[in-house]
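Heads up, the thing below is written out as structure tokens.
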Amino acid sequence: MGSDNAPRVIGNFEKDLKERGIEFLLDTKVSDLIIEKNTSRGVVLQDGTEIRSRFTIIAPGRVGAKWIDEIIQKHKIGAKYAPIDVGVRVEVPAIVMDPITKINRDPKFHIQTKTYDDFVRTFCTNEHGFVVKEEYEDFIATNGHSMTNMESENTNFAFIVRVELTEPIENTVRYGRSIAKLATTIGGGKPVLQRLGDLRRGRRSTEKRIKKNVVVNTLKDVTPGDISMALPHRIVTDIREGLEVLNEIIPGVASDSTLLYAPEVKFYSMQVLVDRNMESSVRNLFAAGDGAGLSRDIVNAAATGVIAGRGILKKSG
Ligand SMILES: Cc1cc2nc3c(=O)[nH]c(=O)nc-3n(C[C@H](O)[C@H](O)[C@H](O)COP(=O)(O)OP(=O)(O)OC[C@H]3O[C@@H](n4cnc5c(N)ncnc54)[C@H](O)[C@@H]3O)c2cc1C
């Protein structure tokens, strides 16, 4: 639908729901859940106000990954750590990707890398799109989007490595955050931008090198630098090897002029353990969407919300 159309689509959702008697409390942060005898009784807002309810759905999105983590620990809600994805946002001339994106606008390529046998994949392709900066509480990251009414000459996609941890630390979110913080430090609070050719030659990209590059970066608020200083060696190796494989399928994708922005981090964090109706281990507490680790995109986030809604209807009926 394009990011520029999103406010209209969401606005229509809101209007429709209000007409059906739904009340919204926007710009209102939930700080805690009220749980008594392992049963959900409502929520506590940031200003201390309590909202009592028979059923609650927690669906705070990726931005709420840390909050969910704290809530799970505090209330001992059944959950497990899920892997995260760390890597870069890749930007190439749209013409390089056109033969593929004409067939599938968001193609998914899954690659096992040579050296580490890691899983790396393409995700969230934005045809003629724009790279954007994502701001988290204490670090920045990158993402991409496309518009309906505005096009760039480039196509971008996430190229991310699956990171799963076992002992002694299973907390992938904490690990992912520390990588993102390191990258943010190196970039002076901005995403690090490097040409693939510079990464190959073991040198940083500079303002001058970026300026004379054939591919013009759509995100300007960046620091030209060295991605191998920002991301762990294993992830950089996976990205380099993965792009070489991708280049066999999409010639030109691993050119020296290809732009890499770091970090791109996808937190899926703790996955709340739920039953078929999305009910958690706490009675009448339901979970849905990316923040609860139950989805990784818009359609599935919406689907888990619908299942949770139906689950509540079943119980309240
Ligand atoms: C730039 C960008 C581009 C994307 N492009 C695509 C795409 O092309 N295709 C695709 O499938 N997916 C895409 N995604 C991912 C998609 O947006 C998510 O998968 C989807 O929005 C998840 O839905 P959700 O309801 O779980 O969470 P969200 O949509 O994130 O909604 C969660 C809401 O909860 C709020 N919240 C969090 N914590 C609290 C709290 N404590 N109290 C009150 N409110 C709270 C948040 O502010 C937010 O409004 C993109 C994401 C971004 C950022």
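When a ligand or atom number is given, it counts from 1 through the structure's own listing order. The structure displayed is predicted, hence computed values, not measured ones. Along the sequence shown, the residues carry numbers beginning at 1.
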Item to check | Salt-bridge criterion met for Lys266 and Glu264 (N-O under 4.0 Å) | outcome: yes
Checklist entry - Are Ser152 and Asn154 close enough that a side-chain donor and a side-chain acceptor fall under 3.5 Å? => result no
Next on the checklist: Suppose we measure from atom 17 (O) of ligand 1 to each protein heavy atom; which comes out shortest, and what is that distance?
Outcome noted: Ile298 CG1, 3.9 Å
Checklist entry - Which of these, Val299, Val30, Val63, Leu26, has its nearest heavy atom closest to atom 47 (O) of ligand 1? => result Val63
Checklist entry - Would you call Gln46 a ligand 1 contact, heavy-atom distance under 4.0 Å? => result no
Next on the checklist: Is it the case that ligand 1 has an N or O less than 3.5 angstrom from some N or O of Arg296?
Outcome noted: no
Item to check | Heavy atom of Arg62, distance to ligand 1 below 4.0 Å | outcome: yes
Checklist entry - Is there a donor in the side chain of Ser205 and an acceptor in the side chain of Asp198, or the other way round, less than 3.5 Å apart? => result yes
Item to check | The one among Ala6, Gly61, Gly129 that brings a heavy atom closest to atom 31 (O) of ligand 1 | outcome: Gly61
Checklist entry - Can you find a pair of side-chain heavy atoms, one from Tyr261 and one from Val192, that are under 4.5 Å apart? => result no
Next on the checklist: Parallel, tilted or perpendicular: which one describes the rings of Phe139 and Tyr136, with boundaries at 30° and 60°?
Outcome noted: parallel
Checklist entry - Looking at side-chain heavy atoms only, is the closest gap between Leu285 and Leu33 below 4.5 Å? => result yes
Checklist outcome for this item: In this structure, atom 8 (O) of ligand 1 is nearest to the protein heavy atom Cys124 SG, 4.3 Å
Checklist entry - Of all the non-hydrogen atoms in the protein, which one sits nearest to atom 37 (C) of ligand 1, and at what distance? => result Pro60 O, 3.0 Å
Next on the checklist: Strictly inside 4.0 angstrom of atom 50 (C) of ligand 1, do you find any protein heavy atom?
Outcome noted: no
Item to check | Protein residue, atom and distance nearest to atom 23 (O) of ligand 1, heavy-atom basis | outcome: Ala301 CB, 3.4 Å
Next on the checklist: Under a 4.0 Å threshold between the charged nitrogen and the carboxylate oxygen, would Asp106 count as salt-bridged to Lys108?
Outcome noted: yes
Checklist entry - Are side-chain heavy atoms of Ile77 and Ile72 found at a separation under 4.5 Å? => result yes
Checklist entry - Should one rank Asn143, Thr304, Asp297 by closest heavy-atom distance to atom 2 (C) of ligand 1, which comes out on top? => result Asn143
Checklist outcome for this item: Test side-chain hydrogen bond (donor to acceptor under 3.5 Å, both in side chains), reference Asn156, set Thr218, Thr125, Thr142, Asn126, output is Asn126
Checklist entry - When you look for heavy atoms under 4.0 Å from ligand 1, do you find them on the side chain of Ser31, its backbone, both, or neither? => result neither
Next on the checklist: Please report whether atom 29 (O) of ligand 1 has a protein non-hydrogen atom at a separation of less than 4.0 Å.
Outcome noted: no
Item to check | Ligand-side contact atoms (ligand 1) for residue partner Gly289, heavy atom cut-off under 4.0 Å | outcome: 26 (O)
Checklist entry - Would you say atom 11 (O) of ligand 1 touches the protein, meaning some protein heavy atom is under 4.0 Å from it? => result yes
Checklist entry - Going by distance alone, is a donor N or O of one side chain under 3.5 Å from an acceptor N or O of the other, for Ser53 and Thr56? => result yes
Checklist entry - Does a donor on one side chain and an acceptor on the other come within less than 3.5 Å for Thr155 and Glu91? => result no
Checklist entry - What is the nearest protein non-hydrogen atom to atom 43 (C) of ligand 1, stated with its residue, atom name and distance? => result Thr28 O, 3.4 Å
Checklist entry - Protein heavy atom under 4.0 angstrom of atom 45 (C) of ligand 1, is there one? => result no
Item to check | Identity and separation of the nearest protein heavy atom to atom 19 (O) of ligand 1 | outcome: Asp290 OD2, 2.6 Å
Next on the checklist: Heavy-atom contact check, 4.0 Å cutoff: does Gly144 meet ligand 1?
Outcome noted: yes
Checklist entry - Which ligand 1 atoms does Ala59 reach within 4.0 Å, using its non-hydrogen atoms? => result 32 (C), 34 (O)
Checklist outcome for this item: Numbered in order shown, the ligand 1 atoms found under 4.0 Å of a heavy atom of Glu134 are 53 (C)
Checklist entry - Do His75 and Asp32 have a side chain donor and acceptor closer than 3.5 Å? => result yes
Checklist entry - Does the side chain of Ser295 pick up a donor-acceptor pair with the side chain of Asp290 at under 3.5 Å? => result yes
Next on the checklist: One residue to check: Lys29. Relative to ligand 1, which of side chain, backbone, both or neither has a non-hydrogen atom less than 4.0 Å away?
Outcome noted: both
